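Both counts, for ligands and for their atoms, begin at 1 and track the order of listing. The shown structure was predicted, so the numbers you read here are calculated from the model rather than taken from an experiment.
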Amino acid sequence: MIRLGVNIDHVATLRQARRTYEPDPVAAALEAQLGGADCITVHLREDRRHIVDRDVELLRQTVTVKLNLEMAATDEMVDIACRLKPEMATLVPEGRHEITTEGGLDVAGQEARLKEVVARLKDAGVYVSLFIDADLRQVEATRRVGAQAGEIHTGPYAHAFHAHGRDIASPNAQAELAKVGAGGAALVDLGLRFNAGHALTYANVQPIAALPGLSELHIGHSIVSRAVFVGLREAVREMKALMREAAAR
Ligand code: PXP
């Protein structure tokens, strides 16, 4: 059954806009779980621009589904992950000036370093996923460094979909969808778990959710945006219903 990881970073973004205590991502995680989230994801960034250390500590104690820590492969973050032991860590590239994660991790270009980081995390009992572009070179490198899953970057697909009239039949959207599907199939062929995410919305999620072999989608901004109007529990419920409907087709 396809699973949904809900990224609650943007609940913290709203809190940090006023440097206050609300809305609290810990309360958001509970609401997301009540809506059917199978996993709660937070990205602890080096600059702590949204999620802060206190959030991760409390989420570790209160989340009852899988906790996924998105993180850069830095010594500081690896130390935090090895201490808190989230069920899963997703390694992402991180740039100080980016608004959100911009591209997949260049696994092939830093195999030695990533092999070491993946081994440390796995030794601590953390399941490791790498966020990568839909590129066979990166998929193969993901396997070589010892990761257990790859999260294929769906940003280019989402961009093509929205730039071409939100028409899934458009050749550009179809081409990007096929790339995500091929990347996922390559992961599965190599014995790795196929996850996907980034820039998925209620409008574009279904073709991705229908891809064969897909285990998990990681979605944040669109769900938190809808939650402003319908509440987080309902926003998660609606996203999960769309995913399940597409996966069952
Ligand atoms: N997956 C990864 C690896 C990400 O970095 C992000 C953004 O934090 C997401 C999924 C969720 O992306 P979005 O907020 O666009 O749904």
So, N204 and H162: side-chain donor and acceptor under 3.5 Å apart, yes or no? yes
For ligand 1, the portion of E70 having any non-hydrogen atom under 4.0 Å away: side chain
As an exercise, identify every atom of ligand 1 less than 4.0 angstrom from a heavy atom of E151. 1 (N), 2 (C), 3 (C), 10 (C)
Going by an N to O cut-off under 4.0 Å, is there a salt bridge joining D47 and R49? yes
D55 and V42: side-chain contact (heavy atoms from CB on, under 4.5 Å), yes or no, with the steps? CA-CA 9 Å; D55 301 330; V42 288; 6.0 Å; no
N/O to N/O below 3.5 Å, does that happen between N7 and ligand 1? yes
Considering the heavy atoms of H221, write down every atom of ligand 1 situated less than 4.0 Å from one of them. 13 (P), 14 (O), 16 (O)
Atom indices of ligand 1 within 4.0 angstrom of V92 heavy atoms, with elements: 3 (C)
If you count the atoms of ligand 1 from 1 in the order shown, which ones are under 4.0 Å from a heavy atom of A199? 12 (O), 13 (P), 15 (O), 16 (O)
Relative to the heavy atoms of F131, which atoms of ligand 1 are at a distance of less than 4.0 Å? 3 (C)
Decide whether N7 and T41 meet the rule of one side-chain donor and one side-chain acceptor closer than 3.5 Å. no
What I want to check is whether the side chains of T74 and E46 have a donor and an acceptor closer together than 3.5 Å. no
Pair D38 + K240: basic N to acidic O under 4.0 Å: yes
Provide the number and element of each atom of ligand 1 under 4.0 Å from a heavy atom of G220. 11 (C), 13 (P), 14 (O), 16 (O)
Closest non-hydrogen atom pair, Q138 against A108: OE1-N, 3.0 Å
For ligand 1, which atoms sit closer than 4.0 Å to a heavy atom of H218? 10 (C), 11 (C)
